[in-house]
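Okay, so here's the structure we're looking at.
Predicted model only: the values in this text are computed from it and were never measured.
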Amino acid sequence: MSAHIFDVLVIGAGISGIGAAIRLREQGIDNFAVLEKADGLGGTWRDNTYPGCACDVPSALYSYSFAQKPDWSRLFAGQKEILHYVRDTAARHDVQRYIRFGEELEEAAWDEAQCAWRVRTVRAEYRARVVISCTGYLHEPIMPALPGLADFPGKVFHSSHWDHGHDLRGERVAVIGTGASAIQFVPEIQPQVAQLNVYQRTPQWILPKPDSTLNALLTGMLALPGVKQLLRGLLYTGFETFGIGFRKPAMLKQVERLARAHIRMAIKDPALREKVTPDYTLGCKRVLLSNNYYPALAQPNVDVFATGVREIRGNVVVADDGSEREVDTIILGTGFHVTDQPIAHRVRGVSGDTLADRWAGSPEAYRGTTIHGFPNLFLVLGPNLAIGHNSAFIVIESQIRYAMSALKAMREHRLARVEVREAAQRQYNVRVQRALTCTVWNTGGCSSYYIDANGKNSTGFPWSTVTMRRLLSEFDLESYELTPATGEVTDAVFA
């Protein structure tokens, strides 16, 4: 099978992949393709269609800086509106024609002799000088290894694969997990079901959600010159101020008081209050927003079990505390693979080792974007770039800017290969881990997806997004081993 040859391959057609495609076109790079495993674009917002699915960042900030939308229907947009926005942005920038759907990555391997990546999908083979991985970390669901789950006689599905054809009315339903997805869909299904059993291993800190519809007057004002930018700037500043608390956890005590008051106002039962009140510092896990989750838990057809699940025995859910409940449907709100992304097992570098081999359970990259031993590979939403206080679009656009700066440098300096120096990567990550020591993720007293299987924080970014944007504003050639284009490589676009 002959390989399709491109200058750049983008893996994934979610928010990151669409953003990368737009910027590639702006740089005049037209010989690229976006490989998408599904049959449509949109990533997380395509896959997660559960009832109540919405963003917890205001829409004015949760959008591309170069494609701001003045007519959001709500302050915090729902899944359908966000997906429409992403698809509309892709259409307006004419990037659909670069996307190859149904092309799930099987392996990407670096070919040192050719200074290129060899990429194999379920349908074809490709070769590209550069690979930009935009697979993200909120799309590979965690399926718990519960004894008996495979033999459960009723319906089982993960929240990210919601079965809209299954009628929950009048059923006895178990929800396992109480993270960001569960707090959104639990209030939606509670009025429909006969009995709802919520299994909560660890309670979450939940703040009131200042959401509202945006009427014609407000959307008209947002359409005025400069108003969208002003609102975006104000929101960014406000969230960035809140983010100081993640680095100085004592500051979060005031916010924690608000969260406790939120519980008291919605739940009158002292026993239930105790169950849903965390014993760790706010911010240690992702801070959630909801106005209707606590009221839903207080309804008479809901029982909250402050325990994990031991096993499934026939149609009975057996909790760690020994309690048993017969159920008709099990909904898994068990989250996603974050520090152990499956794609890491499919990418092989110079030595033939995979990213998973190299990382050994603790992902690490230089500025969250490049990895020694993996030349011409750029990760978007890579290790130690997660922020708990602002929009993911800030991270995504910053990393894409860095990758585009690298492509420009490769072209201007006639480079076939760029690989971050091992010393540069090591020194950067020493700084990162040292700075993380005092953050709420490391000191807050909880277990979370920020901490990997080795007990290391390989997820959080320890500084402000102002610092992040500065670090990723321009490709720093001095941190890289550079290979000039010679021989066959001379014909490459970057030569």
Side-chain angles (χ1 to χ4, degrees), residues 47-48 50-51 138-190 192-204 269 271-272 274-280 285-286 288 293 296-297 299-342 361 446-449 451-455:
D47 295 343
N48 288 272
Y50 59 80
L138 293 179
H139 68 99
E140 294 282 357
I142 294 174
M143 304 299 289
L146 289 175
L149 183 62
D151 299 320
F152 178 67
K155 190 72 177 179
V156 180
F157 55 88
H158 192 277
S159 62
S160 64
H161 294 153
W162 196 273
D163 188 342
H164 292 278
H166 182 67
D167 191 355
L168 293 173
R169 288 178 296 181
E171 287 204 333
R172 300 165 298 178
V173 176
V175 172
I176 300 177
T178 53
S181 300
I183 73 156
Q184 293 186 336
F185 71 72
V186 162
E188 299 295 321
I189 67 173
Q190 174 271 318
Q192 305 173 27
V193 304
Q195 175 66 33
L196 185 60
N197 304 304
V198 178
Y199 292 87
Q200 167 200 277
R201 186 181 296 276
T202 307
Q204 307 281 341
D269 177 20
L272 182 56
E274 184 177 359
K275 286 181 181 179
V276 301
T277 301
D279 61 359
Y280 55 85
K285 286 180 177 286
R286 178 177 172 184
L288 306 179
Y293 179 66
L297 297 186
Q299 298 306 307
N301 68 330
V302 179
D303 283 329
V304 176
F305 296 85
T307 174
V309 174
R310 181 192 303 166
E311 65 175 318
I312 311 298
R313 190 184 304 146
N315 69 337
V316 175
V317 176
V318 183
D320 285 340
D321 63 2
S323 59
E324 300 182 2
R325 283 295 174 93
E326 292 187 359
V327 300
D328 305 302
T329 294
I330 296 175
I331 303 174
L332 303 172
T334 44
F336 301 87
H337 292 276
V338 176
T339 60
D340 58 340
Q341 297 177 44
C446 74
S447 62
S448 72
Y449 62 65
I451 309 301
D452 61 36
N454 298 321

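Ring planes of Phe305 and Tyr199: parallel class, angle under 30° (limits at 30 and 60°).
Atom CZ of Arg201 has 12 or fewer heavy atoms from other residues, nucleotides or ligands within 6.0 Å.
Leu149 has its side chain out of reach of Val309: every pair of non-hydrogen atoms, C-beta onward, lies at least 4.5 Å apart. Here the side chains of Thr329 and Phe157 are in contact, with some heavy-atom distance below 4.5 Å. Using a 4.5 Å heavy-atom cutoff, the side chains of Val175 and Phe185 are in contact. Annotation: side chain of Thr334 is in contact with side chain of Ile176 (closest heavy-atom distance under 4.5 Å). In this structure, Leu168 and Val173 have side chains that are in contact, with non-hydrogen atoms separated by less than 4.5 Å. Val304 places none of its side-chain heavy atoms less than 4.5 Å from the side chain of Thr178.
From Leu332, atom CG reaches atom CG of Leu146 across 7.5 Å, with rounding to the nearest 0.5 Å.
Contacts of Glu311 classified as side-chain hydrogen bond (donor to acceptor under 3.5 Å, both in side chains), with partners at least two apart in sequence or in another chain: Arg313. Under the side-chain hydrogen bond (donor to acceptor under 3.5 Å, both in side chains) criterion, Arg286 pairs with Asp56, not counting sequence neighbours.
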* Asked: Does the pair Arg325 and Arg172 meet the rule for a side-chain contact (heavy atoms from CB on, under 4.5 Å), with working shown?
  -> CA-CA 9 Å; Arg325 283 295 174 93; Arg172 300 165 298 178; over 6 Å; no

* To do: Could you go through the side-chain contact (heavy atoms from CB on, under 4.5 Å) check for Leu288 and Tyr293 one step at a time?
  => CA-CA 10 Å; Leu288 306 179; Tyr293 179 66; over 6 Å; no

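Between the side chain of Gln299 and the main chain of Gln190, no donor-acceptor pair closer than 3.5 Å is present. Side chain of Asp303 to backbone of Asn197: no donor-acceptor contact under 3.5 angstrom is found.
Pairs engaging residues 311-342 under the ring-ring contact (aromatic ring centres under 6.0 Å, His included) rule: His158-Phe336 [sequence neighbours left out].
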